[in-house]
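Before any comments, here is the structure.
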Amino acid sequence: MEQAWRVPGDMFRFTTGERAPLYGAILRAFGEANERLVTALSLDEVRERLRGVGWFDALTDDDLVAALKQLREWRLLDAVQNHAGNYRTAEEYERRNLQYSLTRRGEAAFAGVQHALSVLASSGALQTAVLDAIADRLHALAELLAEPGSSDRRIFTTLQELEGHLDALRGNTKQFNGELQRLLHADAADLAVFHEVKAATVAYLQEFLSHLDQRAHAIAGAVARVEELGVDGLRARALAGAELPPMAGGDPGPDWLRTRKARWEGLRAWFLPEDGSPARVEQLHHVARRAIVTLLQVLDRITQTRQKSSSAAEDFRELARWFAAAPTQEDLHRLWATAFGLGSARHAHLVHPDPETVPVSESWRDAPPVEVSALLRTSGRTERFTRTGRVRDVGAVKAARAERAREERAQLEAAWDLLRTSAPVRLSDFGRLDHEVFERLLDLLGRALAVRPDAAGLRRAVTGDGRVEVLLRPADVTQAQAELRTPRGRMTAPDFSVEIRPAGGAAPSVIEEAAAG
């Protein structure tokens, strides 16, 4: 095994040093020439193809010959004499009678660098389309094996496609799992971007896991069906259809069959292990579910952190910044009087008779007044210490709370009457709305936009209680922007197609009661 993984020490030396860009450009020029079935290049052709790969720096013949010589010493290039050329002088013959080509080691080194760059630039993905393609190719192989007159070439090409899809599944899954683990341990400076990326990842994982069990079961059944028809016969017919060319080292067939057998064992390990161990696709299922739980926990911690109130220490630091930025002495005195010269009134600890009816985010200016005892300023106490008073009558508080609940219910019913649609409508059709109705519509739109669209571009979301469903279709690019107006301003947005309806056929009254609650 160590011998199989041993790489020649100077195989990738061209990627380091001062002349590494020139060496890389030369190998890239030979690589692109090979793609056009040109295997040998003269000195002039190398120079011409260097310009084709983006090398425009000044380069003399001596520098180019020295670079080619170095690559030959590293056994990445080979050189043969071109006796068919015409040369005017002996010096020209000495310089230009050679043709250069990539050696096998050079091809491997260039392919290794290309693969490394592609891995660095790519991102893994969990694609259900690859699972569907694997199942489709397995069913096609089963049909070809069941039909005696089927073509061996068709079996070979179908097997090659199956192995290509399996390689894509393994490669993308490994990359995505690595990126997922790095995301779980990432500390982003921008919490908004951090929150958005992790929320999108949760939605992506949930969509992938929605039908993973059914797809894995279908692939396992298809593997079992192919093995019932004879996987050895499948490989033998695929070998006949491959039409491998003869090689000097011997018959390539046995090595080809061993490779196909290893690939098939890899397929079984993913979906139908022979030893009864858990399939790798089940492990992927568990990893994705654990990642969803972890991401949701991180998002919850971020949300709680954002909701924490400002501490007294932070308030004093902010006040210190204001003092440092005050332009004049008078401004400093005015700021001091505002912050600390509020008199001897001590009523900040008093609360409303029914604190639950006043939101904690309500400004003191907009909150209902609180009764302050006349003795607070003179004696510092809110009331005299006498015998215990009678139990306070809370009938008025209950009545006020009931009245407020009725008003809120009426507002919610009116909002649902305005927002509920019997068919898809344009966002611009809502026109002018009360601000409370506009906030409810904005909440529904936000829920829909947070969901990944399906293949048709449709976004579907429901409220937290699962009673109200909103369907959002993409806006027509030919349509003008929608403009919604409220008493507090206006908002412009793409003119989406919106449908708001009861989820699961629930009655409107039930939805309104759930929304009011």
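Keep in mind that the numbers below use all heavy atoms, side chains included, and drop hydrogens, waters and symmetry copies. All of these numbers come straight from a predicted model, not from anything done at the bench.
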Is the count of non-hydrogen atoms from other residues, nucleotides or ligands lying under 6.0 Å from [X] atom [atom1] greater than 12?
X: Arg154; atom1: CZ; value: no
X: Arg321; atom1: CZ; value: yes
X: Arg153; atom1: CZ; value: no

Heavy-atom closest pair (Leu229 atom, Ala146 atom, distance to 0.1 Å) is CD1-N, 4.2 Å

Taking the basic N atoms (NZ, or NE/NH1/NH2) and the acidic carboxylate oxygens, is any pair closer than 4.0 Å for [X] and [Y]?
X: Arg401; Y: Glu403; answer: no
X: Asp232; Y: Arg235; answer: yes
X: Arg170; Y: Asp167; answer: yes

Short question: side chain of [X], backbone of [Y] - any donor-acceptor pair under 3.5 Å?
X: Asp495; Y: Leu427; value: yes
X: Asp434; Y: Val437; value: no
X: Arg459; Y: Val451; value: yes

So do the side chains of [X] and [Y] get within less than 4.5 Å of each other, counting heavy atoms only?
X: Ser150; Y: Glu143; answer: no
X: Glu499; Y: Arg473; answer: yes
X: Phe438; Y: Met491; answer: yes
X: Pro273; Y: Arg268; answer: no

Between Glu439 and His435, a side-chain donor and acceptor under 3.5 Å |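 Distance-only check passes for Glu439 and His435.
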
Going by distance alone, is a donor N or O of one side chain under 3.5 Å from an acceptor N or O of the other, for Glu163 and Trp264?
-> no

List the steps, then state whether salt bridge (charged side-chain N to carboxylate O under 4.0 Å, His left out) holds for Glu32 with Arg49.
-> CA-CA 9 Å; Glu32 293 190 358; Arg49 289 190 177 272; over 6 Å; no

